[in-house]
Amino acid sequence: MHTSTTIRELGEHEGQVVTLRGWLAGRRSGGKILFLTLRDGTGLCQAIVEAQQADAFAATEKLPRESSLSVTGAVRRDARAAGGFEIAVQQVAVLHAGGEFPITPKPHGIDFLMEHRHLWLRSRRPATILRIRHTLIETCRTFFNARGFTLIDTPILSPGAGEDAQTLFPVDYFGETVYLTQTGQLYLESACMALGKVYCFGPTFRAEKSKTRRHLTEFWMIEPEVAFAELGDVMALAEALICACVATVLARHEADLIALGRDLEPLRRVQAPFPRMTYSEVAERLRSDATRQQIETEMAQERRQLQAWIDQRGTLELKLAGTQRTWEQDKLQLEIHALRTEVEDLERDLENRPRHMELAASFTWGKDLGGSDETIISRQFERPVFVTHYPAEAKAFYMKRVPGDRPVVLNMDLLAPEGYGEIIGGSQRVDVLEAAIRDKGLKPEDYDWYLDLRRYGSVPHGGFGLGIERTLTWLCGLKHVRETIPFPRTLGRMYP
RNA sequence: UCCGACGUAGCUCAAUGGUAGAGCGGGUGGCUGUUAACCACUAGGUUGCAGGUUCGAGCCCUGCCGUCGGAGCCA
């Protein structure tokens with residue numbers, strides 16, 4: 001029996017005979033020599049099988065990709081191996097010879113990949129994103145723990161609406177209808193009155209019939225709640241949290257982010273203080289000539305980019321027609337395929353722009369900001385932007401009001417830059433509750449326990465919710481939230 | 001719920017209304033340093049489903065189903 005090790009630690013065993021256990025990620029053959037690529041969850045490495053090792057050669061010569069196996073052999077340094085080390089195989093034990101693996105090293109469409117999400121996770125890109133997700137979550141927890149917050153697990157089954165009854169998932173609970181939680185907030189407020197500074201982290205569910213790159217029906221949210229906090233304190237907390245998340249992800253995952261194609265410069269610019277605007281200022285800005293001109297400029301740039309990509313594709317296609325060697329054709333076809341996807345995305349974006357411009361130009365005070373409005377505003381800043389003081393009519397009952405002709409609430413949304421939009425929503429909480437509930441057409445008796453919080457020693461308090469998937473989409477520079485969660489639940493997809 | 005695009009081999013895509021093809025993946029054979037290897041041969045199709053127009057439909061029309069993107073709503 002030889003030392004078992006992992007691919008990550010291979011370099012520490014140079015010259016020794018070790019055993020690696022993992023999956024067959026790929027194979028190339030050279031007649032009397034095989035180049036296996038092994039994957040074990042810590043990395044990838046090359047294993048060499050020569051024909052003299054007759055048993056090992058026979059065992060792996062036709063082994064399908066993604067079969068599981070353990071290989072034993074000497075670790076040696078070789079510049080030709082990716083990672084710098086390779087293993088010269090002496091023995092192979094096939095743990096399970098698989099069937100033909102559906103996902104090939106060639107491009108696939110998103111529908112096919114999502115249909116095979118359980119297998120797609122083995123590919124490098126999903127695994128990279130999930131590791132960054134792990135870091136993001138760990139950073140959030142560490143951030144709150146270090147500041148004296150107590151973790152409170154709030155229930156997932158709940159008797160009533162947190163925000164909007166229209167978007168609740170009903171569940172049969174021994175003959176009664178209860179709902180999957182949309183937020184832990186109301187329960188968190190109770191715990192806040194007991195422990196001062198608290199946070200919850202868990203899945204939340206919204207039955208929104210939205211099919212956009214920003215939406216999941218099941219997503220994870222981290223929500224802090226702080227006693228004696230006013231809106232400014234809540235904003236300062238959110239700002240510090242985002243700075244910590246960006247800094248930690250940059251520090252630990254620079255290579256991963258580059259592998260995902262993320263431009264690091266915009267992330268490096270994420271430093272406090274973030275710009276702050278009121279809703280009314282945003283409404284004016286949306287309707288302004290400057291914004292219209294900005295969108296037109298962006299569209300002109302996009303059209304130029306689109307033409308450049310189309311020209312580039314044409315050049316590559318010509319080159320492809322004149323190319324003999326197939327490996328070069330292969331590479332050209334991949335580039336053409338990637339360009340085609342980029343062109344399609346950009347064309348779609350350009351199609352939507354006039355509509356978004358129209359929506360912004362005709363924006364009226366009182367509406368909540370739409371996704372396209374957030375995108376427009378967040379493209380105007382290099383750092384995340386706070387938008388505060390939304391119309392009370394557009395927001396939930398539990399936000400504290402500022403009285404006036406057109407009442408606003410002490411709330412804030414944080415918009416991620418580069419067009420990503422809202423990643424945080426929060427507020428200072430209401431203290432005169434019953435009237436607020438009635439104003440929203442809700443029944444106070446449904447919220448009796450929550451009303452108790454204002455009957456027994458209420459204090460000013462506030463908090464916010466951070467959407468993990470949207471934040472991760474922004475950090476990784478992805479086009480769609482569905483890649484940031486292991487098994488996305490969207491309108492129209494429940495499988496696998 | 002509404003608007004738009006798409007649906008061809010296991011996968012990614014071609015195919016003026018006129019004989020359904022390529023590459024990858026699979027199979028067989030060859031090659032001792034490959035890097036999403038390469039070379040030769042090979043199998044693989046009810047063109048999403050149901051109607052319609054036409055001498056003739058993958059292509060045109062209608063309906064349905066599915067996927068993708070957007071609006072409303074939202075983290």
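What you see is a predicted model, and the numbers here were worked out from it, not measured in a lab. Residue numbering restarts at 1 for every chain, and letters A, B, ... go by the order of the sequence lines.
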I'd like a table of atom pairs between the protein and nucleotides 65-68 of chain B - only N or O on both sides, under 3.5 Å - with the distance next to each one.
residue, atom, partner, partner atom, Å
B/U67, OP1, A/G492, O, 3.0
B/C68, N4, A/K211, NZ, 3.2

Contact class for [X] vs. all strands (heavy atom < 4.0 Å): base, sugar-phosphate, or nothing?
| X | answer |
| --- | --- |
| A/G26 | nothing |
| A/H108 | sugar-phosphate |
| A/L216 | base |
| A/R213 | sugar-phosphate |
| A/T212 | sugar-phosphate |
| A/F219 | base |
| A/I424 | sugar-phosphate |

Side-chain N,O ([X]) to OP1/OP2 ([N]) below 4.0 Å:
| X | N | result |
| --- | --- | --- |
| A/R470 | B/A75 | no |
| A/R353 | B/G69 | no |
| A/K62 | B/G29 | yes |
| A/H356 | B/A71 | yes |

Parallel, tilted or perpendicular: which fits the ring planes of [X] and [Y], with parallel below 30° and perpendicular above 60°?
| X | Y | value |
| --- | --- | --- |
| A/W365 | A/Y279 | perpendicular |
| A/F386 | A/F274 | tilted |
| A/F144 | A/F464 | tilted |
| A/F149 | A/Y199 | perpendicular |

For this session: State, with a plain yes or no, whether a side-chain heavy atom of A/F143 is found less than 4.5 Å away from one of A/L237.
Result: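 A/F143 vs A/L237: side chains touch.
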Between [N] atom [atom2] and [X] atom [atom1], what is the distance in whole Å?
| X | N | atom1 | atom2 | result |
| --- | --- | --- | --- | --- |
| A/F112 | B/C6 | CZ | C1' | 18 Å |
| A/E208 | B/A71 | CD | P | 13 Å |
| A/R65 | B/G10 | CZ | C1' | 12 Å |
| A/E469 | B/A75 | CD | P | 13 Å |
| A/E66 | B/C11 | CD | P | 18 Å |
| A/W120 | B/C11 | CH2 | P | 16 Å |
| A/K367 | B/A71 | NZ | P | 12 Å |
| A/L168 | B/C73 | CG | P | 17 Å |

Exercise. Per the atom types in the model, does the base of B/G70 pair as donor or acceptor with the side chain of A/S372 at under 3.5 Å?
Worked result: no
Exercise. Starting at the 5' end of RNA chain B and moving along, which residue's nearest nucleotide shows up first, A/E100 or A/G109?
Worked result: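 Upstream on the strand: A/G109.
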Problem set entry | Any donor-acceptor N/O pair, A/R8 side chain to A/G43 backbone, under 3.5 Å |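 No, because the side chain of A/R8 does not come within donor-acceptor range (under 3.5 Å) of the backbone of A/G43.
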For this session: Mark yes or no for whether A/Q428, through its side chain, and A/L231, through its backbone, hold a donor-acceptor pair below 3.5 Å.
Result: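 Yes: the side chain of A/Q428 pairs with the backbone of A/L231.
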Problem set entry | Under-4.0 Å salt bridge between A/E115 and A/R493 |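 A/R493 and A/E115: salt-bridged.
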Closest listed nucleotide, where the reference is the side chain of [X] and the choices are [options]:
| X | options | result |
| --- | --- | --- |
| A/R206 | B/C11, B/G72, B/C74 | B/C74 |
| A/T104 | B/G25, B/A75, B/A71 | B/G25 |
| A/R28 | B/C24, B/U35, B/A71 | B/U35 |

Exercise. How far apart are the C-alpha atoms of A/R383 and A/E239, what are their side-chain angles, what is the distance that settles it, and do they pass the salt bridge (charged side-chain N to carboxylate O under 4.0 Å, His left out) test?
Worked result: CA-CA 11 Å; A/R383 284 172 290 169; A/E239 191 175 69; over 6 Å; no
Exercise. Would you say the side chains of A/Q380 and A/T291 form a donor-acceptor pair under 3.5 Å?
Worked result: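 Short answer, yes.
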For this session: Indicate whether any N or O donor in one side chain lies under 3.5 Å from an N or O acceptor in the other, for A/E298 and A/Q294.
Result: yes
Exercise. Does any pair with a residue in residues 35-61 of chain A pass salt bridge (charged side-chain N to carboxylate O under 4.0 Å, His left out), and if so which ones, sequence neighbours excluded?
Worked result: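 Those involving residues 35-61 of chain A are A/R39-A/E66.
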Problem set entry | Pairs where residues 82-91 of chain A contributes a residue and the test side chain to side chain donor-acceptor pair (under 3.5 Å) is met, not counting sequence neighbours | A/Q46-A/E86, A/R76-A/E86
Problem set entry | Nucleotide pairing, RNA chain B (Watson-Crick or G-U, distances under 3.5 Å), in dot-bracket with [ ] and | | (((((((..((((....[..)))).(((((.......))))).....(((((..]....))))))))))))....
What nitrogen or oxygen pairs link the protein and nucleotides 30-33 of chain B at under 3.5 Å?
residue, atom, partner, partner atom, Å
B/C31, N3, A/G31, N, 3.2
B/C31, N4, A/S29, OG, 3.0
B/U32, OP2, A/K32, N, 3.2
B/U32, O4', A/G30, O, 3.3
B/U32, O4, A/Q52, OE1, 2.9
B/G33, O2', A/R80, NH1, 3.0
B/G33, O6, A/R76, NH2, 2.8
B/G33, N1, A/E86, OE2, 3.0
B/G33, N2, A/Q46, NE2, 3.1
B/G33, N2, A/E86, OE1, 2.6

Problem set entry | Nearest heavy-atom neighbours spanning A/P64 and A/G98 | CG-O, 3.0 Å
For this session: Return the minimal non-hydrogen interatomic distance between A/C140 and A/I222, and the atom names on each side.
Result: CB-CD1, 3.5 Å
For this session: Determine whether more than 12 heavy atoms belonging to other residues, nucleotides or ligands lie under 6.0 Å from atom NZ of A/K209.
Result: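 No, not enclosed.
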Seminar exercise, completed: Expected list for residues 36-44 of chain A near RNA chain B, using heavy atoms below 4.0 Å, is none
